[in-house]
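In what follows, residues are counted from 1 in the order of the sequence shown. Whatever order the structure lists them in is the order used to number ligands and atoms, beginning at 1.
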Amino acid sequence: MPRKLYEAIKSSLGERYKQCAAKQALAIVKSQRKRAKKKKPVVHNASLELDERFIKIEHGHNSFDLWIKLSILNGRPIYIPTRKHRMFNKYVNEGWELSRSCRLRKTDKGLFLDVFFEKDAEPVKEEGDIVGLDLGFRKLAALSDGQIVGKELKSEIMKFYKRKHSHLIIKELINRELKKIDFSKMRILVVERLRNVKKNKRGVLTHHANRLLSHWAYRHALSRLAMLCEENRVQIAEVEPRGTSKACARCGSRGIRRNERFVCKRCGWKVDADYNAALNIRDRFISQGGYGPLPESHLNISFG
Ligand SMILES: [Zn+2]
């Protein structure tokens, strides 16, 4: 880290904090460099990524079972008493370890400290089925092993999608439904790669809303699935999304989709359209070898 980068920061904070802030600023600028279309980065909520030089979480022995030691400025550290919450205990009980770095976040509701849990990834299962999964709006997920979750998603979303913060409610609904998937007999879960969408399509619903999840909801569901797969030691793989809902999974010729039904003109197969798509997704992976695993997901829990 070049010295002139952080010496320019006007603040009464100590040098280590300035270094930390400069490192973070550099990372934000660098992340823009990779993008095809570069924009000036905008910071909406101020946050500090703090490593163990600045913050330590210590276990307490009195009524507060957790103490946060914050070394701001160059004087004495500040101790903040707090308590472990339910999620904290859940992760500890499942063998996760508290990461040494934290994130201090300022929002309009106050200051929050995000703590992170880490765990060595367990090896993926070697036994089990390869299962295709079709994400949609009418049914959240149809799987090639016959499972279906989120049948009521559409009607639930329609109730409130014009309300403010509806995207947060939709994310919660997606999380709740995906959790119902039974991964026990699976070895590999195959999903469709995120479609490229034209920009400015940021609404809750897309123009073919009857069938597809909007871009952000699809992305959210994918990252949630990646997390669930990791927890269940299932490998997740992606295939190209084109045409998986149009071909007949039995004979391969083009069929017609009428709402929830898929009808094949050649072999006469009549089947649930999303189930047919899930079969095609699975078979595409088997025949092509797929696109490999999704990027790793991060777990993060915050308490304020
Ligand atoms: Zn057919």
Check the angle between the aromatic planes of Tyr91 and Phe117 and answer parallel, tilted or perpendicular using the 30° and 60° thresholds. parallel
Ion pair check, Asp272 and Lys139, cut-off under 4.0 Å: yes
Salt-bridge contact Arg193-Glu240 (side-chain N to carboxylate O under 4.0 Å): yes
Mind checking how many protein N/O/S atoms fall short of 2.8 Å from the Zn ion (ligand 1)? 4
Honestly curious: do Ile78 and Phe64 fall in one hydrophobic cluster under the side-chain, below-4.5 Å linking rule? no
Answer yes or no: is there an ion pair linking Lys69 with Glu52, defined by an N-O contact shorter than 4.0 Å? no
For the ring pair Tyr275 and Phe262, is the centre-to-centre distance below 6.0 Å? no
